[in-house]
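Notes follow once the structure below has been shown.
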Amino acid sequence: MNKVVGIDALAAYVPKTFLELVPEKKVDGKYVETEFCKSRRLAPAFEKCGDLPSYIADGVGVYQFGVPDGHEDSVTMGAMAFKKLIDDNDLNISDIGRVFVGTETPVDNSKPNAIYINGAIERHFGGSMRNCTPVDMKFACAGATVALELLGEWIESGKSKGRYGVAIATDISTYPLRTREEVTQGAGAIAMLVSENPRLLAFENGSEEITSTVSKDEKDFFRPVTQHTAVVDGQLSIGSYLSTCKEALLDYRNKAVSQGIIAAGGLLTDNVDRLLLHLPFYKMGEYASSALFKNEWRGTSRFDEIVKEIGFPEPKNGDKVKEKDFEKKFRESKIFKEAFSQKVESGLLASRRTGNIYTGSIYASLMSMLENDARKGTDLNGKRFGFGSYGSGSLFKAFTARIQPEFKEVVSKMDLLKQLDERNSKGSLSLDDYERLHEKGMVKSDSIIEPHQEFVLDRIGNTSLDSGYRYYRFVD
Ligand code: HMG
């Protein structure tokens, strides 16, 4: 008999320190210019952006992003999310058989973040994870999805023997200062408990693999081992994301139809109640969902109605300017806006404040959606969520999962939005402090906010036997 496997619970961690790019509230109908905007207005990369606050807040869709404090790194953030997962769910750490960490910001080239995190957790909780397998999974922003898939398969195979799997996404997105991509940075971690008979979301894979995978050797985004900031070709990265996304989702639809998950002739976007996509910044959520809806609606009466509203047919002669205009008008059409607001938008809200947290982005988006729905009191029981996870370089994975009857209890413990709401003026960084933290790379530096009840990077070894070794501890 097939096992029901999926995500039992999720926990998030975002740094308390953040950079405010643009305040959310307008004054007299205009965004207030921050220190950041004043400084970047003069940078060549932003020369052609016109009103910089509107470009950042409306064009890209971010207000602020998290910046790890001097004592934080991808291990401390991962350990914080893992600790919350254990606390929220009264887990006994010896019941966890595998900890797979999706990260593209590892702290060491040999020792995985996963064992650093497990060590910190063991010391804090006092138990043993001696028989647990801790491994890092690297594929840009898709690492945590690969972790989730492999953990799901391990549990489904029966070899887990009742033990849990934990997938942790933890990353710090860093681009060089004063570049166009600087506003799409961020930091944070998400920990996910993977189990049999999950209380939150059950994968719809049954005994067959119906995750759809598209991979292609691409150079849209990478970070050479000697660099702490990424190199990106922004427009290529968007193009690569969109083309693999369409290919994977079409393949997923075909597989779902052949296995009776979707009726023959049915559209995937009609058969999912919610759509979650990798989210480097808010606007990308619009680009990706509109590309999917457009692809599926072409040839239907909905598409004809949209074309009528736009006023000209979809260009087919390779005229890029006309194509961009059509796409923009498609995103502004009544039918798209309705579908977007029903199925996509609530998942994009937190990213306006977390920034791009790389491999955790899609799962932060899931939490954003679940927490927003809980605030509105929506009953999600039985709803189908569609996932599209992209990692540059490139890999796209598509799958669906169904909300389980006990979801409310699990969602009530989530606090991503609360953490963001509670970040206060103490954590709002001056431009100088932000630039100092940005440039610190892998080094520990002075903390802006004194650590309290959290894991910290205590020191970095400097003797012949521990040069570069990272020591972590919990500060009460
Ligand atoms: P860009 O060159 O600024 O893009 O770069 P743009 O010129 O197209 O502008 C964006 C939007 O701002 C447009 O909106 C403009 O019109 C609008 P649209 O027309 O498309 O609706 N705009 C304005 N709006 C209001 N007021 C104004 C104004 N001016 C222009 N004054 C880009 C944006 C994302 C490319 C850049 O930030 C970048 O390179 N970011 C990093 C890479 C990235 O996030 N890529 C996304 C896909 S790849 C991915 O997601 C993987 C990743 O997470 C890594 C991993 O896998 O590990 C990055």
Side-chain angles (χ1 to χ4, degrees), residues 21-22 26 30-31 33 37 40-41 43-62 65 74 102-106 137-146 169-176 178-188 215-216 218-223 229-245 277-291 320-321 323-332 336 351 354-362 364-365 388-397:
L21 299 167
V22 182
K26 291 183 178 176
K30 273 197 77 112
Y31 288 114
E33 239 193 348
C37 289
R40 297 310 186 250
R41 196 153 28 100
F46 296 103
E47 245 169 22
K48 293 196 183 102
C49 287
D51 179 25
L52 194 54
S54 325
Y55 163 72
I56 297 170
D58 300 331
V60 183
V62 258
F65 56 71
S74 58
T103 186
E104 56 181 298
T105 333
M137 307 259 147
K138 178 172 75 179
F139 206 122
C141 294
T145 299
V146 176
T170 181
D171 269 316
I172 303 164
S173 158
T174 325
Y175 297 102
R178 285 171 279 280
T179 57
R180 193 85 158 200
E181 48 273 22
E182 184 184 12
V183 299
T184 67
Q185 298 177 119
S215 63
K216 179 173 181 267
E218 189 59 89
K219 74 170 219 325
D220 60 327
F221 166 105
F222 51 94
R223 185 168 68 83
T229 53
V231 182
V232 65
D233 177 338
Q235 295 309 321
L236 176 65
S237 74
I238 293 177
S240 168
Y241 178 141
L242 294 180
S243 67
T244 51
C245 174
L277 297 158
H278 167 56
L279 201 57
F281 51 95
Y282 181 98
K283 187 57 92 55
M284 190 71 221
E286 279 189 19
Y287 295 153
S289 53
S290 69
K320 293 281 166 220
V321 178
E323 276 172 17
K324 214 167 173 215
D325 189 27
F326 184 87
E327 271 154 29
K328 200 164 176 139
K329 291 198 162 84
F330 183 93
R331 293 200 299 275
E332 287 160 3
F336 171 72
S351 88
T354 59
N356 187 0
I357 67 167
Y358 283 160
T359 186
S361 293
I362 184 172
S365 197
S389 178
Y390 176 73
S392 279
S394 66
L395 174 67
F396 200 100
K397 282 199 170 273

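All values below come from the heavy atoms of this structure, side chains included, with hydrogens, waters and symmetry mates left out. Sequence positions, counted from 1, serve as the residue numbers for this chain. First listed ligand is number 1; within each ligand, the first listed atom is number 1. Everything numeric here is computed off the predicted structure, so don't read it as measured data.
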Next item on the list: Say whether Ser392, considering both its backbone and side-chain N or O atoms, lies within less than 3.5 Å of an N or O atom on ligand 1.
Entry: yes
To atom 19 (O) of ligand 1, the nearest of Gln235, Lys328, Gln185, Glu332 on a heavy-atom basis is Lys328
- request: Taking atom types as modelled, find out whether Ser389 and Thr145 have a side-chain donor-acceptor pair closer than 3.5 angstrom.
  value: yes
Next item on the list: Any chance you could lay out the salt bridge (Lys or Arg N to Asp or Glu O under 4.0 Å) test for Glu182 and Arg40, step after step, and finish with the verdict?
Entry: CA-CA 10 Å; Glu182 184 184 12; Arg40 297 310 186 250; 2.8 Å; yes
inquiry  = So for ligand 1, is Cys49 a polar contact partner (N or O within less than 3.5 Å, distance only)?
reply    = yes
### Query
Right, does atom 54 (C) of ligand 1 have protein non-hydrogen atoms nearer than 4.0 Å?
yes
Atom 39 (O) of ligand 1 sits nearest the protein heavy atom Gly234 CA, 3.3 Å
Counting from 1 in the order shown, the ligand 1 atoms closer than 4.0 Å to a non-hydrogen atom of His278 are 49 (C), 50 (O), 51 (C), 52 (C), 53 (O)
Within the 4.5 Å heavy-atom criterion, are Tyr287 and Met284 side-chain neighbours or not? yes
In this structure, atom 12 (O) of ligand 1 is nearest to the protein heavy atom Gly59 CA, 3.1 Å
Ligand 1 to Lys324, heavy atom cutoff 4.0 Å, flagged ligand atoms 8 (O)
- Does even one non-hydrogen atom of Lys48 get within less than 4.0 Å of ligand 1? no
Note: ligand 1 atoms sitting under 4.0 Å from heavy atoms of Asp51 are 31 (N)
Ranked by distance from atom 2 (O) of ligand 1, the top protein heavy atom is Arg180 NE, 3.3 Å
For Asp325, the salt bridge (Lys or Arg N to Asp or Glu O under 4.0 Å) test, sequence neighbours excluded, returns Lys329
Cys141 heavy atoms within 4.0 Å reach ligand 1 at atoms 52 (C), 53 (O), 54 (C), 55 (C), 56 (O), 57 (O)
Sorted by chain and residue number, the salt bridge (Lys or Arg N to Asp or Glu O under 4.0 Å) partners of Lys216 (sequence neighbours excluded) come out as Glu218
The reported gap from OG1 in Thr354 to CZ in Phe281 (rounded to nearest 0.5 angstrom) is 13.0 Å
- prompt: So, for Tyr390 and Phe221, is the gap between ring centers shorter than 6.0 Å?
  reply: no
### Message
Does atom NZ (Lys219) have a neighbourhood of more than 12 heavy atoms from anything else shown, all under 6.0 Å?
### Response
no
For atom 38 (C) of ligand 1, the closest protein heavy atom turns out to be Glu181 CB, 3.6 Å
among protein heavy atoms, the one nearest atom 3 (O) of ligand 1 is Tyr55 OH, 2.3 Å
Going by the 4.0 angstrom heavy-atom rule, the piece of Glu104 near ligand 1 is side chain
*asked:* Arg331 versus ligand 1: do any nitrogen or oxygen atoms come within less than 3.5 Å of each other?
replied: yes
- Query: Under 30°, 30 to 60°, or over 60°: which ring-plane class applies to Phe330 and Phe336, parallel, tilted or perpendicular?
  - Reply: tilted
If you scan protein heavy atoms around atom 20 (O) of ligand 1, the nearest is Tyr287 OH, 2.6 Å
Legend entry - Ser392 side chain to Asp220 side chain, donor-acceptor N/O pair below 3.5 angstrom: yes
Can you find a heavy atom in the side chain of Cys245 that is under 4.5 Å from one in the side chain of His278? no
The answer for which part of Asn356 has a heavy atom under 4.0 Å from ligand 1 is side chain
* To do: Could you tell me whether atom 15 (C) of ligand 1 has a protein heavy atom closer than 4.0 Å?
  => no
Among non-hydrogen protein atoms, atom 58 (C) of ligand 1 lies closest to Tyr175 OH, 3.6 Å
- prompt: Counting both backbone and side chain atoms, is some N or O of Ala140 under 3.5 Å from an N or O of ligand 1?
  reply: no
for atom 42 (C) of ligand 1, nearest protein heavy atom and its distance come out as Val232 CG2, 3.6 Å
Rounded to the nearest 0.5 Å, the CG atom of Leu395 sits from the OG atom of Ser240 at a distance of 10.5 Å
Look at atom NZ of Lys138 and say whether more than 12 heavy atoms of other residues, nucleotides or ligands are closer to it than 6.0 Å. no
N/O of Ser237 under 3.5 Å from N/O of ligand 1, yes or no? yes
